[in-house]
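Scroll down for the structure; my scribbles are underneath it.
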Amino acid sequence: MSEAAAVSPPARRAMSARDWGMLVLLGAIWGGSFFFARVAVTEIPPLTLVLFRVGIAALALHLYLAVAGPSFRLAFPMAASFFLLAILNNIIPFTLMFAGQTELGAGAASILNATTPFWTMILANMLTDDEKLSWNKGIGIGFGMAGTAVMIGPGVITDAGAPVWAKLALVGMALSYALAVIYARRFRALPPQVVATGQLTASTIIMIPVVLLWHGPEGLFAASPPVWAAVLGLAVLATSFAYILYFSLIRSAGATNASLVTLLVPVSAILLGALFLGERLEIFEMAGMGLIALGLLTIDGRVFGRG
């Protein structure tokens, strides 16, 4: 997930039982974000849903900072930069995610989201001087790209599964997250909670006029109670609380171990989609998921040695 954008990964540490508990909980919550989105897009247009997600989450994080700190004033010197981070890390990916999920189930969407680390390493290798590919990362990217092709390819040939454009929207989401990871390197001096609050605040400022111009104020709050419950779950649980939990896990277990959440998110999303939405993955989508998971494990060094 893009939430790791502003955190520099330390060496891998041993994980305690509490760390594993936080990791599993975070995977369940972020998997739930695709479930909540699938429910919400049935009644709320994608752009409006983006506004609700970032606006409610920004408010919740401002309340958190007011109680627990640090001060949001730390963000003021970089205020202009937060607007580009907001576009790359919230507005573009959330819009593509919600648009794609008008056709794509929660499980398949979460699997394509899991390709973010592959795109990040490819772009970092091209755009930075200090994050070059090693052999295990290259092999892992190969598995990941193969998994993505397996998930999308049959739809191009036979129209199997969801429309190809919906899957490409989720790949675009992952690419935008990857660009955000690289851009967010400039925020390393700021506490991660401030970065999260700053980008969500900037996203809200951008999205208010966009939604009012695109859709107008009519029917803005006309969704049914179950859909509003999904919106609150998406904004408060899967965005605000998930940020706080993720940063706590990084402090406790390190960013490398925290990145394992990428493997758990599709599991949670697939289970929720199957239990509550009646979703089922196609055989080729399951094969693609396996290749993507193998690629992530290879990059992490748990299949082959790190390099």
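Both backbone and side-chain heavy atoms feed into the values below; hydrogens, waters and symmetry mates do not.
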- With side chains defined as the heavy atoms from C-beta onward, is the minimum distance between Thr116 and Asn113 less than 4.5 Å?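 Yes, side chains in contact.
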
- Query: Centroid-to-centroid, Phe143 to Phe118, below 6.0 Å?
  - Reply: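 No, too far apart.
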
- Query: How about Phe52 and Trp228: are their ring centroids closer than 6.0 Å?
  - Reply: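 Under 6.0 Å, so yes.
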
Backbone N or O of [Y] within a donor-acceptor pair of the [X] side chain at under 3.5 Å?
{"X": "Glu279", "Y": "Ala106", "value": "yes"}
{"X": "Arg38", "Y": "Thr102", "value": "yes"}
{"X": "Thr239", "Y": "Val236", "value": "no"}
{"X": "Ser16", "Y": "Asp19", "value": "yes"}
{"X": "Thr48", "Y": "Ile44", "value": "no"}
{"X": "Glu43", "Y": "Ser224", "value": "yes"}
{"X": "Gln101", "Y": "Phe34", "value": "yes"}

Single-linkage hydrophobic cluster, 4.5 Å side-chain cutoff, [X] and [Y] together:
{"X": "Phe276", "Y": "Val227", "result": "yes"}
{"X": "Leu277", "Y": "Ile111", "result": "yes"}
{"X": "Leu275", "Y": "Leu104", "result": "yes"}
{"X": "Leu213", "Y": "Leu220", "result": "no"}
{"X": "Leu237", "Y": "Leu61", "result": "yes"}

- If you look at every heavy atom in Val150 and Ala287, which pair is closest and at what distance?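 Between these two residues, the closest heavy atoms are CG1-CB, 4.1 Å.
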
- Message: Under a 4.0 Å threshold between the charged nitrogen and the carboxylate oxygen, would Lys167 count as salt-bridged to Glu285?
- Response: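 Answer for the salt bridge query: yes.
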
- Taking it one step at a time, do Tyr177 and Trp119 satisfy ring pair (Phe, Tyr, Trp, His ring centres under 6.0 Å)? CA-CA 9 Å; Tyr177 278 147; Trp119 300 114; over 10 Å; no

- Message: Side chains of Asn136 and Thr298 only: does a donor on one sit below 3.5 Å from an acceptor on the other?
- Response: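 Per modelled atom types, Asn136 and Thr298 side chains form no pair under 3.5 Å.
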
- State, without any angle test, whether Thr197 and His62 hold a side-chain donor-acceptor pair at a distance under 3.5 Å.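 Result is no, nothing qualifies.
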
Calculate, to the nearest 0.5 Å, the distance between atoms [atom1] and [atom2] belonging to [X] and [Y] respectively.
{"X": "Leu127", "Y": "Leu179", "atom1": "CG", "atom2": "CG", "value": "7.5 Å"}
{"X": "Ser110", "Y": "Phe35", "atom1": "OG", "atom2": "CZ", "value": "13.0 Å"}
{"X": "Asn125", "Y": "Ile182", "atom1": "CG", "atom2": "CD1", "value": "9.5 Å"}
{"X": "Trp30", "Y": "Leu245", "atom1": "CH2", "atom2": "CG", "value": "8.0 Å"}

- Task: Go through the steps to decide whether Glu103 and Trp165 satisfy the test side-chain contact (heavy atoms from CB on, under 4.5 Å), and finish with yes or no.
- Result: CA-CA 9 Å; Glu103 297 285 349; Trp165 72 262; 3.4 Å; yes

- Query: In this structure, which one of Leu123, Thr120, Leu88, Asn89 forms a side-chain contact (heavy atoms from CB on, under 4.5 Å) with Val181?
  - Reply: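 Filter result, single survivor: Thr120.
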
- If the plane angle is over 60° it's perpendicular, under 30° parallel, otherwise tilted; pick one for Phe247 and Tyr243.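 Geometry flag for Tyr243 against Phe247: parallel rings.
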
